[in-house]
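Contents: one structure, followed by commentary.
We're numbering straight along the sequence, starting at 1. As the structure is a computational prediction, the values presented were derived from the model and not from experiment.
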Amino acid sequence: MTDTDVQSIIELTRKYHREQESSGTEFVPGVTPILPAGAVLDEDDRAALVEHALQLRIASGATALRFERKFAKTIGVRKAHLTNSGSSANLLALASLTVPELEDHRLRPGDEVITVAAGWPTTVNPIVQCGLVPVFVDVDLATYNTTVERVEAAIGPRTKAIMMAHTLGNPFQATEIAQLAQDRGLFLVEDNCDALMSTYQGRTTGTFGDYSTVSFYPAHHLAMGEGGCVLSNSVELARITESMRDWGRDCWCEPGEDNKCLKRFTYQMGDLPLGYDHKYIFSHIGYNLKSTDLQAALGLSQLGKLDDFTAARKRNWQRLRDGLEGVPGLLLPEATPGSDPSWFAFVLTLTEDAPFRRAELVDFLNARRIGTRLLFAGNLVRHPAYRDVEHRVSGGLANSDIIMERTFWIGVYPGITAEMTDYMVASIREFVDTHR
């Protein structure tokens, strides 16, 4: 197949996309679904996938490397490593802190990691999977994040790390918590999966921790279908991450590269014979968590639209916030002071004296094709999966219980138009008016 043939296929792909998009795009209130989250994909995205499919770029390779370098530069960190999901990124980041070369600083079984109870399971699961002990702290009901005071109060003699997310795009007090971690000799893993391009005190989230993680699931700010990333400013930690992601092998040559390090047959490690092929020397108990060039191609295409996506999320959130101001029975969200969130969602909590229940409002919205979601686990400690997990609670989880009982969120993703946002506002106001 010639280059001309490939370009013809790409142009047909673009034409096909335009034809698909031209039909059925009118918003009909109560008929057209308003999704709580989703990917916004254009003809460039479709063309990128088709082009790489034609090249049979089905494994991790040059495109993945190109994305990693460009994404690291976008966020403002030195190193980025693609993974097959954001959940894997969390596992990889925490597991990389358990390796022997970190010596006395390494995390060991039984060490404690401070986290929040009102979150997504895969921020907490790596703590358990690595034989560590989660220490749960509560959150505020305005920002849905914890505070530096709660984190400091939770530190005990076996505490070695902090691992938590910026909730629904709203940054936690990253400067203060990073400083606390540094002062107490703790690692900080910053789950940035819901907060890509948010800032705190003028600094991009994902740049405060020893590690940060991102998800490229379609619900998130950039879509690869599946995918995630581990980022770090530490070259030492990044090297560990790469090894742990790639089966635990010691060699840093990319798959398909032979002897780029010029030491392939001259290494001697452990009890292996001198000259054993470095491509098959393993220095960590690792995984295979790589992504593919197909995913990275979509990611590169999406990356060019990140600024527009971020602006749309902020615009939609503010339109909802302004439209729902003063509605009785609802606690509206607040940005963390000093932050500029790239919002993942618009979260609402019913007040204690609200004359209606969450289920009634959610059912009303769903009947109008307005998608809703709960604030993830609400309180992870209450879930059956964690019933027998060793853990510690610091200071009580009263607000996490309230979130479990009275909180939900609606969408702000870039696929939501101003007309859709206004319809959501009008629907909520109508419901509340009928229950006053």
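- The two residues C229 and F71 have their closest heavy-atom pair at SG-CD2, 4.0 Å.
- When atom types are taken as modelled, the side chain of S301 and the backbone of L298 share no donor-acceptor pair closer than 3.5 angstrom.
- A donor-acceptor pair is defined here as one N or O able to donate and one able to accept, closer than 3.5 Å; no such pair exists between the side chain of R57 and the backbone of D293.
- Between the side chain of D140 and the backbone N or O of A142 there is no donor-acceptor pair closer than 3.5 Å.
- Without hydrogens or angle criteria, R369 side chain to L35 main chain gives no donor-acceptor distance under 3.5 Å.
- Taking the six-membered ring for Trp and the full ring otherwise, the centers of W120 and F376 sit less than 6.0 Å from each other.
- Using the six-membered ring where Trp is involved, H105 and F187 have ring planes that are perpendicular, over 60° apart on the 30 and 60° scheme.
- A donor-acceptor pair under 3.5 Å links the side-chain atoms of N145 to the main chain of T167, judged by distance alone.
- Side chain of E226 to main chain of N84: no donor-acceptor pair is present (N/O by atom type, distance under 3.5 Å, no hydrogens or angles).
- Applying the salt bridge (Lys or Arg N to Asp or Glu O under 4.0 Å) test between K314 and each of D307, D340, D308 identifies D340 as the sole match.
- Looking only at distances, a side-chain donor or acceptor of S342 sits under 3.5 Å from a matching main-chain atom of L196.
- Remark: R203 qualifies as a cation-pi partner of F208 under the 6.0 Å distance and 45° angle criteria applied to the six-membered ring.
- Heavy atoms from other residues, nucleotides or ligands lying under 6.0 Å from CZ of F431 number more than 12.
- Aromatic ring centres of F216 and F67: separated by under 6.0 Å.
- Between the side chain of T205 and the main chain of N192, no donor-acceptor pair closer than 3.5 Å is present.
- Counting only N and O atoms by type, the side chains of H17 and R46 include a donor and acceptor under 3.5 Å apart.
- Between Y386 and H391, the distance from one ring center to the other does not fall under 6.0 angstrom.
- N399 places no side-chain N or O within 3.5 Å of a backbone atom of D138 that could act as its donor or acceptor partner.
- For F172 and H166, the distance between ring centers is under 6.0 angstrom.
- Side-chain contact between M163 and V124 is absent, with no heavy-atom pair separated by less than 4.5 Å.
- Counting only distance, with no hydrogens or angles, the side chain of S212 and the backbone of G209 share no donor-acceptor pair below 3.5 Å.
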